[in-house]
There are 2 protein chains.
Amino acid sequence: MDMKLKQQASAITELTFDLLRCCEAKEKMFAKDHGLKVAEFRCLRIVEAGKSYSVQELATSMHLSPSRLTRIIDGLFAEKLVDRVQSIEDRRFAKISLTNKGQTLVGKLKEEYADLHGEMLKDISVEDRDKIYNGISLMQGLVSTWLVRNA
Amino acid sequence: MDMKLKQQASAITELTFDLLRCCEAKEKMFAKDHGLKVAEFRCLRIVEAGKSYSVQELATSMHLSPSRLTRIIDGLFAEKLVDRVQSIEDRRFAKISLTNKGQTLVGKLKEEYADLHGEMLKDISVEDRDKIYNGISLMQGLVSTWLVRNA
DNA sequence: CAATTTCTTTGCTAAAGGCAAAAATAGTGA
DNA sequence: TCACTATTTTTGCCTTTAGCAAAGAAATTG
């Protein structure tokens, strides 16, 4: 058994766990400050202006069930942030897209959420920021691949 | 305005967001596979054998409210995984600690959760694992500090 | 010893999320 | 064509997660 791997895995497990708790708290604060539910913020953050998505696509990329997504979209629709139209090619599909109001909000959201991270990152060196990027990028790839294989 | 910072912040924002979703899915799967609620797993994972904790300590380190913690502990207590005794020095405080059954379970949980990460990390180089560690460590520190200042 | 503070719990409510069945549509084989 | 199957989304119902405000219990302080 690879002792070095075991030790590195333990350390990374611990760190990732802590990072997760902090980032969840951060997301919750941010969503609340913008009058959104966390689920709504998370959903809005992944829809790009001009594109349209099926319920299933959104569910998959958010790692949630389709039924959960229906409810989240209900909320966004009620606030007139997204449109929901039946696909013409296959009328079983919904086509979810941002309204103008939604696009404006999402633009602001992305801008300000990046600013928040900019605030955190502003006092460290460009090199350290790259280290963060590279480390998280590697980790994200691994977890993502693992999930596909084990879900 | 620092263009480089802005760009790095955007990239890190995006990545962190994705990592978060994946890690939540991973935690959910792991907890379910071990017959635990996610909140219970998260709680158990931070209590060390032999130590005792107040409700507030646990709430703070989990970024949750004390009342939420009372409920989580209720569940763990019902399963005889933790003991809950009144502190003798100051009887307002609860002293939460692992039972023998709890210690056994937590040991197994930590072992297997680290193994899961070991599985993910086993095919990359020691250097890349260090990059992950360093990157996440830096990020965790930043988010944690930011939270303290902005909560 | 009354008033205040601190820690935990309780009651209540909202938000997050999934499962199973229903509804609607598309495709397919006889 | 029509019955059957498969797919996509929605609905009903339930569980889990979480916080707030008030109550309860104990300590501290004037």
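Chain A is the first sequence line, chain B the second, and so forth, proteins listed ahead of strands; every chain is numbered from 1.
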Could you go through the side chain to side chain donor-acceptor pair (under 3.5 Å) check for A:K26 and B:H63 one step at a time? CA-CA 10 Å; A:K26 183 192 71 189; B:H63 300 277; over 6 Å; no
Can you tell me if A:Q103 uses its side chain to pair, donor with acceptor, with the backbone of A:A49 under 3.5 Å? no
I'd like to check A:S54 versus A:I96 (side-chain heavy atoms, cut-off strictly below 4.5 Å). Are they in contact? no
Can you confirm whether A:L76 sits close enough to A:C43 that some side-chain heavy atom of one is under 4.5 Å from a side-chain heavy atom of the other? yes
Does anyone know the first and last nucleotide of DNA chain C in reach of chain A, 5' to 3', at under 4.0 angstrom to a heavy atom? C:dA15 to C:dA26
Rounded off to whole Å, could you give me the NE2-to-P distance for the B:H63 and D:dA18 pair? 12 Å
Under 4.0 Å between a side-chain nitrogen and a carboxylate oxygen: does that hold for B:R42 and B:E24? no
In this structure, how many angstroms lie between the C1' atom of D:dT10 and the CG atom of A:L76, rounded? 16 Å
Determine whether any donor atom in the side chain of A:R92 lies under 3.5 Å from an acceptor atom in the base of D:dT7, or the reverse, and answer yes or no. yes
Nearest whole angstrom, please: distance from the P of D:dT28 to the CD of B:E89. 11 Å
The answer to which of A:R71 and B:Q86 contacts DNA chain D further toward the 5' end, by nearest nucleotide, is A:R71
Can you list, pair by pair, the side-chain donor-acceptor contacts under 3.5 Å of residues 30-41 of chain A, counting residues two or more places apart and other chains?
from	atom 1	to	atom 2	distance (Å)
A:H34	ND1	A:F30	O	2.8
A:H34	NE2	A:E112	OE1	2.5
A:E40	OE1	A:K37	N	3.2

Separation of B:I88 atom CD1 from D:dA26 atom P, in whole Å? 14 Å
When we call it a touch if two heavy atoms are under 4.0 Å apart, what does A:K28 touch: a base, just sugar-phosphate, or nothing? sugar-phosphate
5' priority, DNA chain C, between A:S67 and B:P66 [closest heavy atom]: B:P66
Output the rounded distance in Å from CG (B:L64) to P (D:dA18). 5 Å
To the nearest Å, give me how far apart CD1 (A:I72) and C1' (D:dT9) are. 14 Å
For atom CG of A:D74 and atom C1' of D:dG12, their distance in whole Å: 13 Å
Whole angstroms only, please: what is the CZ-C1' distance between B:R42 and D:dT17? 9 Å
Contact class for A:R68 vs. all strands (heavy atom < 4.0 Å): base, sugar-phosphate, or nothing? base
Residues 126-136 of chain A side chain polar contacts: donor-acceptor under 3.5 Å, at least two apart:
from	atom 1	to	atom 2	distance (Å)
A:R129	NE	A:L121	O	3.1
A:R129	NH1	B:Q8	OE1	2.9
A:R129	NH2	A:I124	O	3.1
A:D130	OD1	B:Q8	NE2	3.4
A:N134	ND2	A:D130	O	3.1

